[in-house]
Amino acid sequence: MAMDNASEGVPLEFPAFPFKPYPIQLHFMTAVYNALQKGGVAVVESPTGTGKTLSLICSVLQWLQDHHHGKINSEVDHILSNKLKSLHENEASPDEPDWMLNFNDKNEEEKRKKRTAKKQQSKPANGPKRVVNTLFGKVDETEKELLKKQTETVSVADSINSSDDELIFLLADYDSDDSCMKGATKRNQNRVSTSSSEEDFDAEKEDEAMVKVFFCSRTHSQLSQFIGELKRTVFAESMQVVSLGSRKTLCINEDVLKLGNATRINERCLEMQKSKSSHKVAVSADRRLRKSKITRCPMMRKQSSQQQFKQELLDSVPLDIEDLVRLGKKLTTCPYYGSRQVIPVADIVVLPYQSLLHLATRDSLGVKLKDCIVIFDEAHNLVDTIADTYSCRVSAVQVTLQLSGYLERFKNRLTAGNRRYIQTLLVLINAFIRRIDCIHEDKKLSLQEILNPVVEEETPKLLGYASNGRYPRDAEIMTINDFLFSLQIDNINLFKLRRYIRESNIVNKVSSYGEKQSFQVSVPLESMSSTLKSIAAQGGSTSASFHALADFVLALTNQDADGRVLITPSCYAGVSNELLEGNIKFVMLNAAKHFSEVVDQARAVVLAGGTLQPIGELRERLFPDVPEEHVHIFSCGHIVPPESILPLIIPRGPTGKAFDFTFQSRSLPVMVEELGRLLVNVSLVVPEGIVVFLPSFEYENLVHNLWMSTGILDSISRKKHIFREPRDASSVEMILQEYKDAIMLSTCNQNSDKSGAVLFCIVGAKMSEGINFSDGMGRCVIMVGLPYPSPSDPELLERMRYIDNLARKEISISQENSNCSIDSGISALKRCGQRGKEYYENLCMKAVNQSIGRAIRHIQDYAAILLVDARYDPGSLDIRTLASGPTSKLAGWIRNHLIPVRGGFGEVHKQLRQFFKYNKERAINQSLRGAV
């Protein structure tokens with residue numbers, strides 16, 4: 001399974017690399033190239049700061065270039081061979097065919113010209129297609145004709161009582177279970193979108209690039225970083241590149257952007273794309289036509305502008321998302337649709353994880369993976385990303401209001417088939433509501449009685465009631481089959497209902513109508529349950545509820561072992577009798593099921609990251625069926641020398657108190673104050689910037705307030721400026737810039753009383769991933785505690801049980817799942833098998849590795865890393881209760897140089913002082929040698 005770097009055909013040099021690569025970079029590029037030659041799945045590790053992205057670009061695109069040239073040459077050889085064979089059969093004289101002398105050169109030139117023309121020119125538009133792109137597919141003009149016929153038969157009275165706008169919400173005919181919509185375009189069953197974020201996209205008919213590279217990462221900032229690194233190589237000039245983003249990031253229509261919410265932006269975009277500026281509908285008995293108020297997006301009115309956008313994108317250097325937005329504004333045309341037109345001729349497609357991992361989204365974009373190369377950067381979160389992509393939550397309440405109102409309004413115009421399926425949907429939704437509408441109105445419980453706080457060790461992104469970080473005590477989790485049985489809906493065929501949702505366009509029609517009417521539907525208040533009454537009084541939400549319902553119905557058709565259903569019931573809380581609305585969530589467990597769709601189609605899949613250990617677990621959960629010989633693994637160390645890092649385990653504070661940052665002890669004043677004393681002492685000896693990682697925003701706020709009341713914060717501020725990570729991600733860049741400026745100002749001003757700054761960050765939040773604290777921004781990184789996930793998280797417990805049972809291939813569920821309190825969570829955690837406990841610890845240590853990996857970004861960088869908790873100490877008794885010690889899962893470049901501090905705090909002070917003195921002198925000497 002290990003890579004053989006000496007395979008035949010692998011280049012010894014990569015000329016596109018902008019400078020002489022370090023040995024580990026050369027080994028990395030060779031390993032990737034070798035893996036692409038063999039095909040299969042490659043797992044490659046290279047610590048952050050080692051030039052991983054640039055190495056990926058140079059190795060993958062070198063292979064792509066060689067592959068293209070090799071394919072062209074092989075085609076030429078094949079043609080030449082056939083010509084020679086024909087010549088021999090005709091017994092022609094070897095002196096006669098002059099064309100043979102120049103045949104190879106001519107054909108190579110023709111191939112080159114054809115490829116250049118294909119990449120630099122775009123074909124003229126064939127005119128706008130008369131196809132309406134909808135949520136679940138395409139509806140052509142025939143549906144409009146059907147709609148016209150329907151409206152012609154409407155009585156004069158109905159016409160007077162109806163507005164012309166409402167007719168566009170009317171469903172097309174759906175007569176029987178065995179037939180599709182009359183007049184509707186037939187759709188491939190596998191090309192269905194159940195999310196409002198995408199719709200089918202008709203690319204221009206043109207030749208596609210022979211083999212593409214799809215580069216995926218989690219965030220747009222990481223994708224922009226890839227584009228920046230690509231521009232440093234010669235491939236920026238020779239390869240066609242296109243970046244894809246969401247509507248929210250690429251939309252330039254200010255009226256649509258004002259909606260704010262991504263779902264609302266998607267819906268409005270879809271609505272505007274299916275409308276023409278001169279769209280007309282028959283609305284009266286005399287068949288007079290009136291203009292509809294819904295107009296086409298002004299950014300999509302000119303096809304010529306879209307073509308110009310495409311041409312400029314092809315002619316320019318690679319553009320990131322911000323560049324595409326600027327180009328769209330310059331040409332007054334949509335960059336979201338304009339960038340998608342370039343996919344067929346692109347050599348490299350840069351896109352977010354979800355756009356490639358979600359089948360319906362992938363198909364709607366026109367992304368074809370057959371024989372292509374797929375790269376997942378920052379792949380440490382890939383399993384969770386796939387699970388989240390195919391998980392869905394539905395409240396059902398708002399859907400009932402929308403669907404009931406729609407049926408009430410159009411019941412006399414809908415065909416029997418549509419009415420029957422809508423009524424079936426209402427039956428199913430009411431069954432959902434019965435499962436979550438579990439309110440005992442005769443017993444008003446207090447908030448403390450109903451809810452239990454969860455352990456927040458923790459990622460700031462909690463499930464369930466994320467706003468207050470709590471889970472209901474009586475949340476319940478079930479298998480798919482058990483959930484369906486509990487609904488008592490044996491007479492409903494979910495597969496037929498799924499087909500109806502796919503083909504009828506009901507999601508878009510009903511949600512658009514609901515939004516248009518502001519959900520003011522004529523449902524008698526007395527007929528509603530207590531939950532419905534409360535939600536109705538609060539007003540409606542967006543159309544996202546109906547899309548979530550469609551996703552949930554489709555999810556229930558998965559195999560029983562692939563996922564679980566989490567039921568969070570509604571309940572009253574507090575003296576104000578506040579209603580906490582319940583919901584039902586489908587939790588996808590089997591990520592391999594969906595990842596296999598990518599692996600089976602692509603020539604090679606590369607998973608790259610700083611730390612992907614344990615690779616055995618990664619393989620088991622993503623590609624268990626890939627043969628051993630098709631799995632290639634490569635891991636390298638850091639480029640920095642050992643003397644550039646100082647990783648210390650600090651089990652005790654300055655007064656000798658043991659650091660215990662478990663959930664039960666970390667909030668104790670004595671523990672918080674001891675942590676403060678540590679930071680005061682560290683601030684005295686560490687120059688420039690200190691980054692402190694804490695387990696949650698709540699804990700950071702508690703620490704800050706206690707230090708403020710005890711004077712510890714004042715002591716720190718005398719030596720360092722203090723900054724805190726904001727909850728609002730949009731403010732992160734501003735805080736980072738202020739933090740950087742404070743460090744630079746303190747460094748430049750020798751007379752300043754302050755020697756830098758301290759930045760408090762949160763594990764799992766924005767600053768713990770994708771942010772570089774290089775050089776002075778991160779001279780010391782302090783990790784406080786071990787950020788274990790909450791043991792009361794029912795989804796986490798199910799994933800652990802699922803992993804425990806993977807080897808036996810039989811996924812079972814115990815009766816204890818329904819209780820989600822802390823005590824029961826810890827008990828369930830103890831009862832999990834070895835592999836489940838390994839997974840639990842891996843989640844924690846992945847977060848640790850990601851956070852401390854923000855420092856050390858290049859070969860001349862240096863930093864100290866302080867792990868503050870007695871549990872990090874290999875001699876601690878606490879770690880014996882876990883699957884293995886936490887330090888064994890640290891990145892190798894840290895683990896191999898780890899120093900446990902067993903003496904007093906004076907040893908910490910001595911180690912830090914010597915470390916920074918040595919590296920300061922080394923930096924001065926290097927600067928002097930460079931000047932000479």
Next on the checklist: Could you work out, with ring-ring contact (aromatic ring centres under 6.0 Å, His included) as the rule, every residue matching His721, not counting sequence neighbours?
Outcome noted: none
Checklist entry - If you look only at pairs with a residue in residues 362-383, which of them pass as a ring pair (Phe, Tyr, Trp, His ring centres under 6.0 Å), with sequence neighbours excluded? => result Tyr353-Phe376, Phe376-Phe595
Checklist entry - What pairs with Arg724 under salt bridge (Lys or Arg N to Asp or Glu O under 4.0 Å), at least two apart in sequence or on another chain? => result Glu700
Checklist entry - By salt bridge (Lys or Arg N to Asp or Glu O under 4.0 Å), which residues pair with Glu733, not counting sequence neighbours? => result none
Checklist entry - Just wondering, do Cys269 and Tyr337 contact through their side chains at under 4.5 Å, heavy atoms? => result yes
Checklist entry - What's the shortest heavy-atom distance between Ser768 and Gly764, and which atoms? => result OG-N, 2.9 Å
Checklist entry - Can you tell if the side chain of Val60 reaches within under 4.5 Å of the side chain of Val32, non-hydrogen atoms only? => result yes
Item to check | Shortest non-hydrogen contact between Leu257 and Cys251, atoms and distance | outcome: CD1-O, 3.3 Å
Checklist entry - Can you check whether Leu223 reaches Asp320 side chain to side chain, under 4.5 Å on heavy atoms? => result no
Checklist entry - If you look at every heavy atom in Met767 and Pro726, which pair is closest and at what distance? => result CE-CD, 4.2 Å
Checklist entry - Using 4.0 Å as the upper bound for N to carboxylate O, is an ion pair formed by Asp388 and Arg393? => result no
Item to check | Any side-chain donor near an acceptor of the partner, Ser774 and Asn772, under 3.5 Å | outcome: no
Item to check | Pair Val241-Leu230, side chain to side chain contact (heavy atoms under 4.5 Å, CB included): steps then yes or no | outcome: CA-CA 10 Å; Val241 184; Leu230 177 60; 3.6 Å; yes
Next on the checklist: I need the full list of ring pair (Phe, Tyr, Trp, His ring centres under 6.0 Å) pairs touching residues 210-240, with sequence neighbours left out, sorted by first then second residue.
Outcome noted: Phe215-Phe226
Checklist entry - How many angstroms lie between atom CG of Leu54 and atom OG of Ser59, to the nearest 0.5 angstrom? => result 9.5 Å
Next on the checklist: I'd like to know if Arg854 and Glu769 make a salt bridge, using a cut-off of under 4.0 Å between side-chain N and carboxylate O.
Outcome noted: no
Checklist entry - Of the non-hydrogen atoms in Glu725 and Ile762, which two are nearest, and what is the gap between them? => result OE1-N, 2.9 Å
Checklist entry - Per the side-chain hydrogen bond (donor to acceptor under 3.5 Å, both in side chains) rule, which among Gln306, Lys310, Gln308 passes with Thr333? => result Gln306
Checklist entry - Please, which pairs that meet salt bridge (Lys or Arg N to Asp or Glu O under 4.0 Å) have at least one residue in residues 372-382, sequence neighbours excluded? => result Lys52-Asp377, Lys52-Glu378
Next on the checklist: With side chain to side chain contact (heavy atoms under 4.5 Å, CB included) as the test, pick out the partner of Cys216 among Val598, Leu356, Leu357.
Outcome noted: Leu356
Item to check | Under 3.5 Å side-chain donor-acceptor pair for Ser364 and Thr361 | outcome: no
Item to check | Shortest non-hydrogen contact between Arg857 and Gly853, atoms and distance | outcome: NH1-O, 2.9 Å
Checklist entry - With a 4.5 Å limit on heavy-atom distance, are the side chains of Ser355 and Leu244 in contact? => result no
Checklist entry - Tell me, do Thr385 and Gln354 make a side-chain contact under 4.5 Å, heavy atoms counted? => result yes
